[in-house]
Amino acid sequence: MDLPERIAAVRAGNGEPAAMVGEFRRTAVLLPLTGGRFMTGHQGGVRWIYAFTGERQLARFARARGAAPEEAWQYAAVLGARVLDVLVPELPGPAGVAVDVADENGSMLLPPVRGIVPDEAAERAEDTAETAATAATVVAGDSAVPAGADTAVPRQRPRGRAAR
């Protein structure tokens, strides 16, 4: 099963969340770039790194944010394990990953909790009461994407351009 299939199974209630996280770790995801930084959003006391399973999903996100159909977005292809183990801990405060957030029936949040992010990142998140409530709830299908805030791009170069 690929990552979108695992997400669909978890959303349907018959998938295994741990297997979905494992598939995310093994999958190269697309992280949109803006101004040489990964695009993130901030909601519920958590900074969310936007990650997409393919160019079509990234294009849907770009359109939801008002991009013209012909506008190209830069992105980096990054292994999910690197996103969780390197990028999330480097961000200040609680951070998680928002996968395919513009897909009403295919989105998934990977919150900053043990078993998903490294223990030190989960501990940082546990120190924030607002984060605990957010992490306890998996928000899916919200196509009202919050405005992105920039974070530094550690040791990563743009890998491609997604035409919109």
Side-chain angles (χ1 to χ4, degrees), residues 3-4 6-8 10-13 15 17-18 20-21 23-25 27 29-54 56-67 71 73-76 78 80-154 156 162 164:
L3 182 57
R6 292 219 184 256
I7 289 172
V10 168
R11 288 179 55 107
M20 180 195 63
V21 172
E23 192 62 35
F24 178 84
R25 296 180 70 76
T27 301
V29 292
L30 308 180
L31 305 183
L33 298 166
T34 180
R37 299 170 181 263
F38 291 125
M39 187 177 283
T40 65
H42 194 266
Q43 184 161 342
V46 177
R47 180 161 311 280
W48 299 98
I49 299 172
Y50 296 126
F52 299 91
T53 57
R56 190 174 28 190
Q57 292 80 359
L58 176 57
R60 198 170 292 124
F61 174 77
R63 283 191 305 274
R65 295 188 56 93
E71 185 178 346
W73 277 37
Q74 285 193 331
Y75 62 86
V78 182
R82 182 171 171 82
V83 175
L84 294 174
D85 297 341
V86 177
L87 300 181
V88 166
E90 286 186 6
L91 293 174
V97 180
V99 181
D100 292 343
V101 293
D103 289 352
E104 186 173 333
N105 296 312
S107 60
M108 183 61 65
L109 294 182
L110 302 178
V113 297
R114 292 178 197 277
I116 295 178
V117 300
D119 287 348
E120 65 271 11
E123 289 166 8
R124 189 173 61 224
E126 290 168 359
D127 291 338
T128 306
E130 198 175 329
T131 300
T134 301
T137 305
V138 174
V139 179
D142 183 4
S143 60
V145 180
D150 295 335
T151 57
V153 179
Q156 191 70 44
R164 303 293 137 240

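Just so you know, these numbers use all the heavy atoms, side chains as well, and skip hydrogens, waters and symmetry mates. As the structure is a prediction and not an experimental result, all values here were calculated from the model.
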Is there side-chain contact between V29 and V99, with heavy atoms separated by less than 4.5 Å? no
Please report the shortest heavy-atom distance between S107 and I7, naming the atom on each side. O-CG2, 3.8 Å
Checking L30 against Q57 for the side-chain contact (heavy atoms from CB on, under 4.5 Å) test, could you report, in this order, the C-alpha distance in whole Å, the side-chain angles of both residues, the deciding distance, and whether it holds? CA-CA 9 Å; L30 308 180; Q57 292 80 359; over 6 Å; no
Has R11 got a side-chain atom pairing as donor or acceptor with N105's backbone, closer than 3.5 angstrom? yes
Less than 4.5 Å apart, any side-chain heavy atom of P112 and any of V46? yes
Tell me the closest heavy-atom pair linking P111 and V117, and the distance in Å. O-CG1, 4.1 Å
Is R25 paired with D85 through a side-chain N to carboxylate O contact shorter than 4.0 Å? yes
L87/I49 under side-chain contact (heavy atoms from CB on, under 4.5 Å): CA gap, chis, key distance, verdict: CA-CA 9 Å; L87 300 181; I49 299 172; 4.0 Å; yes
Taking side chain as C-beta onward, heavy atoms only, is T53 less than 4.5 Å from T27? no
Going through the distances and angles, do M108 and D100 end up as a side-chain contact (heavy atoms from CB on, under 4.5 Å)? CA-CA 7 Å; M108 183 61 65; D100 292 343; over 6 Å; no
Tell me the closest heavy-atom pair linking L91 and A95, and the distance in Å. CD1-CB, 3.6 Å
Excluding sequence neighbours, so at least two apart, what forms side-chain contact (heavy atoms from CB on, under 4.5 Å) with P32? M39, Y50, F52, L58, F61, W73
How close do F38 and L33 get, heavy atom to heavy atom, and via which atoms? CD2-CD2, 3.5 Å
Shortest non-hydrogen contact from V88 toward A121: CG1-CB, 4.2 Å
Which residues satisfy the ring pair (Phe, Tyr, Trp, His ring centres under 6.0 Å) test with F24, sequence neighbours excluded? none
